[in-house]
Structure formats: C-alpha cells, structure tokens
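See structure below.
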Amino acid sequence: MPDPDQAPLPKQPARSPAPTHSPAPDPAPTPDRAPAHTPPDTLHAHLRTHLPPTPRTWLDEALTRAATPHTGPAQPPTWRRHFTEAARRCGPRYADAARVLLLHAAHPDTPTLTLLYTQGTAAERRAVLHALPHTTPTPDALPLVEDALRTNDTSLIAAAVGPYAARHLGAHAWRHAVLKCLFTGVPVTEVAGLTDRASGDGELARMLRDHAAERAAAGRPVQEDLRRVLAMAEAPRRTEP
C-alpha cells in the first residue's frame, strides 16, 4: 500500500484565462537583482552607469561622507539624512541600491539599523533588510527579519528572505518563511539558498504537503512554486564532496 504521506499532489486544474486588465506597476522597482544579492561594488558600478550626472554626484558625495567617521556633536550623522533622501535624490528605481550603499559605507551597528528600521517608511525598512548581508556578519539583526516576516507586505517579505536569512535564520523559522512566501505570493526565487536548505528537508516536505492538501480541499489550485519546493524537499539531502 502506498505511503499516504508520499501521495502525489493533485493535478493542477486548467488555468482560467488571464485577466484583461494590466497589473499595477511595482511602486519601487529595483535594477536587475535585489541589492541583498548583489555585491556593493557591483551595485555602485551599476548606479554610476545608470544615474544621471546630478544624482550620481550626490551619491558619490553622500558615500564619501558616510565612510568618514562621525566626530561631530551628539546628533545623527549626515548619512542618516542622506538615507531618507535617497528616493528623492536618485529616484525610486535606484533608492534601494543607494540606501544599501550608504549603509555599507557607514557600517552602522545593530541598534542603529534597528532604529532606522523601526522609524523608517516601508521603503526604508526594505533597504535595511537588503543591507543586512552587506553590513551585519552576526545574527544580531534577526529580529528585523522576523518582524518583516510577520507582515503581509510582500516587498518586505521578499527582502527578508535574502542571504542574511539563509545564513542565520533557524530551521523552524526558515521553513515558516518559505510557507509565508507561498501564502503571500512572493516568488520562491526570492528565497536565498533555497535549494541547499530545502534539499532533503523532510519536515518542510510534510508542511508543504499539508498546505497543498488544505488548498486542494478548499478547491484552490496548488501553486507551481509549492510543487517546485516540495520536489527539492523530497530529494536526497545534498552532501559535500
């Protein structure tokens, strides 16, 4: 008798015709890959190539100031103001990358990153999350990732599951982060290290099968992303050569 836990997922029903209306544009598109996945030198080279002269000059000056140790009176350093101005100075398309470069240059400590995150706009919070793998080698900033994963803001969730989470998030929380992506429609391609961490993860496979069964019971289609991750989780765990 076949193992019920290994029963195949229901076949995907035929898709309905695509809606005729166009989806709303991304309010803050980012160039190429997300900044969390891109080395700072590559980000900087991209912006120097694509920004017009005035914002390019502003960014270069802002980065120079951010890299200079703050020795003035007890007030926020200038780069903090530049961080909030980035969208107005560089445009929303390049604001995430500019903010990440400012944080990389300034190397703020975790309390400062936490302050920027908690007091920032959604766009500024997203930039802090993107900057974590470039600024924070320790797991101290995990509370910011965990906070973003409790929201339903898909841009924050996508930023939260980047390389920093892949490196530091515990197995239980990481599995739930993958499920959160499936629940909210964030593509699993945003999950850094997905293949390595999902490979051979029997508990993740069980959670995915349960989620698929719930969707099928409710008459809802099983996402292709779920099928893709389940195939990874059911495959043999990768081992180092």
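Values reported hereafter were calculated over all heavy atoms of this structure, with side chains retained and with hydrogens, waters and symmetry mates removed.
Checked for salt-bridge contact, D210 and R206 meet the test: a charged N lies under 4.0 Å from a carboxylate O. Under the 4.0 Å criterion applied to side-chain N and carboxylate O atoms, R209 and E234 are assigned as salt-bridge partners. Using a 4.0 Å cut-off between charged nitrogen and carboxylate oxygen, D153 and R125 do not count as a salt-bridge pair.
Closest of all the heavy-atom pairs between A165 and V145 is CB-CG1, 4.2 Å. For L113 against P108, the heavy-atom pair with the smallest separation is CD2-CG, 3.7 Å. A pairwise comparison of heavy atoms in R99 and A127 identifies CB-CB, 3.6 Å as the closest pair. The two residues Y117 and A148 come nearest to each other via the heavy atoms OH-N, 3.4 Å. In terms of heavy atoms, H37 sits closest to G162 at NE2-CA, 4.2 Å. Here the closest non-hydrogen pair linking T154 and T184 is CG2-O, 3.6 Å.
A continuous path of hydrophobic side-chain contacts links W58 to V100 [ILVMFWY only; heavy atoms under 4.5 Å]. Residues L144 and L142 share a hydrophobic cluster, clusters being chains of Ile/Leu/Val/Met/Phe/Trp/Tyr side chains in contact below 4.5 Å. Taking hydrophobic clusters as Ile, Leu, Val, Met, Phe, Trp and Tyr residues chained together by side-chain heavy-atom distances below 4.5 Å, V188 shares a cluster with M207.
Classification of the H46-H50 ring pair by plane angle, with boundaries at 30° and 60°, yields parallel.
To the nearest 0.5 Å, atoms OG1 (T49) and NE2 (H44) are separated by 9.5 Å. In this structure, NE2 in H130 is found 5.0 Å from CG in D96, a value given to the nearest 0.5 Å. A distance of 10.0 Å separates CG of L51 from OG1 of T57, quoted to the nearest 0.5 Å.
Under the 3.5 Å distance criterion, the side-chain polar atoms of Y164 are matched with a main-chain donor or acceptor of A141. With H82 contributing its side chain and E61 its backbone, the two residues share no donor-acceptor pair below 3.5 Å. Looking at T42, its side chain never comes within 3.5 Å of a backbone N or O of T38 through a donor-acceptor pair. Distance alone, capped at 3.5 Å, is enough to place a donor-acceptor pair between the R197 side chain and the A166 backbone. Judged by distance alone, the side chain of S199 and the main-chain N or O of D196 form no donor-acceptor pair under 3.5 Å. Between the H107 side chain and the H104 main chain, a donor and an acceptor come within less than 3.5 Å of each other.
In this structure, a donor-acceptor pair under 3.5 Å is present between the side chains of D109 and T112. Using a 3.5 Å distance cut-off with no hydrogens or angles, the side chains of Q223 and R215 do pair a donor with an acceptor.
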message: For F183 and H211: C-alpha separation, side-chain torsions, deciding distance, then whether ring-ring contact (aromatic ring centres under 6.0 Å, His included) applies.
response: CA-CA 9 Å; F183 276 119; H211 180 47; 4.5 Å; yes

- request: Take R227 and V222, measure what side-chain contact (heavy atoms from CB on, under 4.5 Å) needs, and give me the verdict at the end.
  value: CA-CA 7 Å; R227 296 171 185 272; V222 177; 3.8 Å; yes

- request: Quick one: do V161 and L149 satisfy side-chain contact (heavy atoms from CB on, under 4.5 Å)? Show the steps, please.
  value: CA-CA 8 Å; V161 294; L149 290 172; 4.0 Å; yes

task: Run the numbers on L59 and Y94 for side-chain contact (heavy atoms from CB on, under 4.5 Å), then give the verdict.
output: CA-CA 11 Å; L59 179 62; Y94 301 107; over 6 Å; no

- request: Go through the steps for L208 and L182 under the test side-chain contact (heavy atoms from CB on, under 4.5 Å), then give the verdict.
  value: CA-CA 10 Å; L208 292 170; L182 294 172; 3.5 Å; yes

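Between L116 and T84, the closest side-chain pair of non-hydrogen atoms is not below 4.5 Å. Side chains of N152 and K180 form a contact here, defined as non-hydrogen atoms less than 4.5 Å apart. Contact check for C90 versus L47: no side-chain heavy atoms found under the 4.5 Å cut-off. Using a 4.5 Å heavy-atom threshold, the side chains of P133 and R167 count as touching. Put simply, the side chain of D60 does not reach to within 4.5 Å of the side chain of T64, judged on heavy atoms. Counting heavy atoms from C-beta on, the side chains of T121 and E124 come closer than 4.5 Å. By the 4.5 Å heavy-atom criterion applied to side chains, P55 and R89 are not counted as neighbours.
With a 6.0 Å radius and a threshold of 12 heavy atoms from other residues, nucleotides or ligands, R65 has its CZ atom at or below the threshold.
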Enumerate, atom names and distances included, each donor-acceptor pair closer than 3.5 Å involving a side-chain atom of residues 169-179, sequence neighbours excluded.
from: R175; atom 1: NE; to: D201; atom 2: OD1; distance (Å): 3.1
from: R175; atom 1: NE; to: D201; atom 2: OD2; distance (Å): 3.0
from: R175; atom 1: NH2; to: D201; atom 2: OD1; distance (Å): 3.3

